[in-house]
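One structure is given below, encoded as structure tokens.
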4 protein chains.
Amino acid sequence: MRTKQGNKEEAILTAAVKVFAESGYHAAKIHSIADEAGIAAGSIYSYFENKQQIILALFDDVWKELYEQISPVEKDNTLTADAKFDMLIDIVIDVFTVDRNLALVVVNEESHLIRDYPEEFTPYFEKFMKSGEAIVKEGVIKRQFRSDIKIDLLRILILGQIRSLLLTWAIGDKKISIQAMKEDLKKFIKCGINRV
Amino acid sequence: MRTKQGNKEEAILTAAVKVFAESGYHAAKIHSIADEAGIAAGSIYSYFENKQQIILALFDDVWKELYEQISPVEKDNTLTADAKFDMLIDIVIDVFTVDRNLALVVVNEESHLIRDYPEEFTPYFEKFMKSGEAIVKEGVIKRQFRSDIKIDLLRILILGQIRSLLLTWAIGDKKISIQAMKEDLKKFIKCGINRV
Amino acid sequence: MRTKQGNKEEAILTAAVKVFAESGYHAAKIHSIADEAGIAAGSIYSYFENKQQIILALFDDVWKELYEQISPVEKDNTLTADAKFDMLIDIVIDVFTVDRNLALVVVNEESHLIRDYPEEFTPYFEKFMKSGEAIVKEGVIKRQFRSDIKIDLLRILILGQIRSLLLTWAIGDKKISIQAMKEDLKKFIKCGINRV
Amino acid sequence: MRTKQGNKEEAILTAAVKVFAESGYHAAKIHSIADEAGIAAGSIYSYFENKQQIILALFDDVWKELYEQISPVEKDNTLTADAKFDMLIDIVIDVFTVDRNLALVVVNEESHLIRDYPEEFTPYFEKFMKSGEAIVKEGVIKRQFRSDIKIDLLRILILGQIRSLLLTWAIGDKKISIQAMKEDLKKFIKCGINRV
DNA sequence: GATGAATGAGCTTTCATTCAT
DNA sequence: CATGAATGAAAGCTCATTCAT
């Protein structure tokens with residue numbers, strides 16, 4: 001038989017990231033993804049049920065990866081909460097920094113995916129968030145962070161900051177150093193803008 | 001082409017906000033907007049060239065309104081930079097708080113609109129941003145804000161925070177008090193999370 | 001506005017009869033029906049939900065017509081059962097004789113339609129059959145027909161005869177006189193082939 | 001092209017009968033047939049040129065079998081025409097009674113097969129019919145059947161009765177005894193419904 | 001020969017947009 | 001101006017068939 005040539009599933013996902021990033025999920029055509037992956041349009045349906053499952057798989061991959069990175073950090077007793085928090089930011093930024101297009105897709109499409117397919121959206125997103133919250137809570141308890149922190153709000157704000165930062169970087173109009181920004185972000189989150 | 005004045009254009013825009021918020025721009029149907037506005041689908045094309053011009057008009061209205069509110073504040077010599085900054089946040093939050101759907105549309109669709117129609121996207125967005133930047137710069141000069149603030153980064157981060165906050169509020173899963181959050185946001189931006 | 005030109009619904013049904021007759025329901029293309037009807041393919045969907053609803057509408061029209069013709073006959077007290085039975089055959093044959101294609105569609109597609117969409121198939125078919133059965137029962141009671149007739153079987157057999165006759169006529173290979181055949185059919189049903 | 005001999009070809013045909021019966025020819029998937037036969041989809045094409053040849057082969061098998069059963073009966077000088085006629089009915093009913101699915105396929109698909117592939121449709125169908133006609137003609141000549149029988153019409157009617165009977169039995173809604181019906185059918189064909 | 005991954009033509013259906021009335 | 005019937009391009013998806021292994 002004609003055996004599988006290369007890893008088509010991965011090729012499709014890679015192609016999809018590019019096409020989704022360029023056109024947005026809705027405007028993206030299955031044919032474009034197939035072309036980009038170098039396969040026939042019909043072949044996509046051997047690997048994914050439909051267009052929606054492709055992007056859901058993408059998000060599953062990303063958040064699973066992120067969760068698997070943050071999870072051991074969260075549980076590490078040798079680290080201070082402050083250090084863990086820094087690593088949280090590092091992990092997110094570094095994972096997305098690998099691929100501008102991936103960053104774009106996640107930043108631009110996540111919101112409506114959660115709205116449209118709440119049942120099917122990857123559970124790793126919420127798991128990752130819980131880990132992040134646990135780190136902040138630990139910081140509060142260990143008196144490294146302010147005691148009046150509202151965890152729900154903090155989550156919203158930091159998520160927003162990271163998204164915004166990644167979007168700006170990924171669009172790439174302004175040549176910004178994402179690594180430098182990462183450090184500034186940490187500092188900003190911790191200290192704010194007030195003169196002290 | 002926004003040729004006609006009067007309440008029909010407004011009715012269309014109001015309907016569009018609702019439909020875009022519920023379905024997202026791409027999935028939104030012109031027929032749904034027409035139904036919601038109580039007019040015939042074909043009539044929309046007397047007021048707007050096409051679907052894209054409707055949403056661009058929406059964004060123009062919103063950012064024009066915001067710019068017209070922040071502009072006098074920025075120029076007001078009787079206010080401290082810190083007070084101006086608070087008003088900046090107030091203005092943004094308050095304008096969107098009037099209409100959950102408007103908040104959703106702006107938060108969800110702005111990014112791809114700028115990507116897809118960079119030339120046609122409202123100039124008021126950038127004007128508003130410049131005003132915001134001027135306020136922060138003034139605060140730095142007047143030594144109310146830290147001197148090492150990176151204005152570009154700050155803009156990105158604050159924008160992200162506001163978007164994230166509005167999105168969470170507008171989705172409305174968690175019953176949050178947007179007014180309380182507004183104050184927390186100001187505090188967070190200014191002081192960060194570190195214990196002092 | 002552009003008002004309805006002609007009766008498009010009827011044009012679609014007429015076109016559909018032709019296309020379904022020529023290609024069979026499954027192989028029939030919506031575009032062929034639209035072409036035949038002289039309209040755009042998309043227009044069909046203003047009148048029918050989908051392909052399946054077109055053919056279901058066809059069957060509804062046909063069996064409604066047939067039921068409305070047989071119903072008064074069944075209830076007519078001035079007629080003998082024998083005469084009613086003759087009219088039953090006349091009605092069926094005459095309705096289908098108007099349009100070879102209609103005959104073909106009904107004969108060829110009814111069976112799988114009932115299988116595939118039992119809930120949506122026209123109730124008039126069953127109503128018509130009940131009327132037919134009532135006529136035969138009356139004939140038995142009034143001792144015009146044999147007392148050992150099995151009504152369920154008779155229904156099956158007569159239906160089969162009529163279908164087969166119509167099919168042969170509609171295909172039109174053999175130039176047969178449907179009117180002559182109709183009389184022979186009545187005689188055959190009543191007397192069989194045995195020499196007496 | 002039926003190139004290969006042996007049980008794989010048979011397995012495909014057996015599987016095809018089931019799948020065609022359940023879904024109808026058009027909706028039947030080659031993959032389903034392959035699955036049912038326990039082979040790979042591609043393998044089917046070693047035994048049959050395409051989907052159409054499978055069903056044509058099926059019909060060839062069936063009508064060949066039927067022809068080979070009726071042929072000696074027809075020529076048997078020791079039997080009366082009446083007895084031969086009974087055996088004709090017995091043969092048809094009994095062959096199909098072995099397999100509900102086979103009955104369904106023949107009843108539902110024959111008509112469009114003859115329409116779509118008149119050149120390729122099995123010649124045994126026509127041969128079988130000729131034998132049947134010969135029997136009836138003999139009955140007429142030997143004065144067992146009525147002299148005014150129209151042989152073409154009779155063929156049409158009896159074929160229709162048998163098809164209808166088999167369809168009803170094969171669908172299996174009503175639990176009917178096909179053997180009992182067979183006898184009733186013979187009687188009906190011979191005597192009709194009139195009271196004598 | 002057997003496999004099943006790969007193909008891609010071709011289908012139904014949607015919906016932004018047009019335009020006759 | 002307003003209407004909504006009509007359009008038709010465009011897209012997602014299916015599945016009979018091919019062919020490298």
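Proteins come first, then strands; the chains are lettered A, B, ... in the order of their sequence lines, and each starts at number 1. These figures come from a predicted structure and were not determined experimentally.
Atom CG of D/Asp35 is separated from atom P of E/dT3 by 12 Å (rounded to the nearest Å). Distance D/Phe48 CZ to F/dA16 P: 15 Å, rounded to the nearest Å. Atom NZ of B/Lys29 is separated from atom C1' of F/dG4 by 16 Å (rounded to the nearest Å). Distance D/Gln53 CD to F/dA16 P: 15 Å, rounded to the nearest Å. A/Gln52 places its CD atom 19 Å from the P atom of F/dA11, with the value rounded to the nearest Å. One atom, CD1 of D/Ile54, and another, P of F/dA16, lie 10 Å apart when rounded to the nearest Å. When rounded to the nearest whole Å, the span between CD1 of D/Ile12 and C1' of F/dT17 equals 14 Å. Rounded to whole angstrom, the span from the CD1 atom of A/Ile55 across to the C1' atom of F/dG12 amounts to 16 Å.
Between B/Tyr45 and E/dT17 there is a side-chain polar atom (N or O) within less than 4.0 angstrom of OP1 or OP2.
One distance of note links CD of A/Glu110 with CG of A/Leu58; it measures 12.0 Å at 0.5 Å rounding. A distance of 8.5 Å separates NZ in A/Lys51 from CD1 in A/Ile54, rounded to the nearest 0.5 Å.
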Protein and nucleotides 6-8 of chain E: nitrogen or oxygen contacts under 3.5 angstrom:
unit_1	atom_1	unit_2	atom_2	d
E/dA6	OP1	A/Gln5	N	3.4
E/dA6	OP1	A/Lys8	NZ	2.2
E/dA6	OP2	A/Tyr47	OH	2.2
E/dA6	O4'	A/Arg2	NH1	3.4
E/dT7	OP2	A/Ala40	N	2.9
E/dT7	OP2	A/Ser43	OG	2.6
E/dG8	N7	A/Gly42	N	3.4

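A distance of 6.0 Å or more separates the ring centres of D/Trp63 and D/Tyr124.
Under the 4.5 Å side-chain criterion, counting only non-hydrogen atoms from C-beta, D/Tyr25 is in contact with D/His112.
When the nucleotides F/dC13, F/dC15, E/dT17 are ranked by their closest atom to the side chain of A/Asn50, F/dC13 comes out on top.
Counting any heavy atom pair closer than 4.0 Å across all strands shown, D/Ala28 reaches sugar-phosphate atoms only and no base atom. Residue contacts shown for A/Ile30 are limited to sugar-phosphate atoms, with no base heavy atom under 4.0 Å away.
Look at F/dC13: its Watson-Crick or wobble partner, with both distances under 3.5 angstrom, is E/dG10. As the counterpart of E/dA20, F/dT3 is assigned, both hydrogen-bonding distances of the Watson-Crick or G-U wobble pattern falling under 3.5 Å.
The two residues C/Phe48 and C/Ala57 come nearest to each other via the heavy atoms CE2-CB, 3.7 Å.
Under the 30°/60° scheme for interplanar angles, the aromatic rings of B/Phe121 and B/Phe59 are found to be tilted.
Tested against C/Val105, the residues C/Leu113, C/Asp99, C/Ile55, C/Val19 include a single side chain to side chain contact (heavy atoms under 4.5 Å, CB included) partner, C/Ile55.
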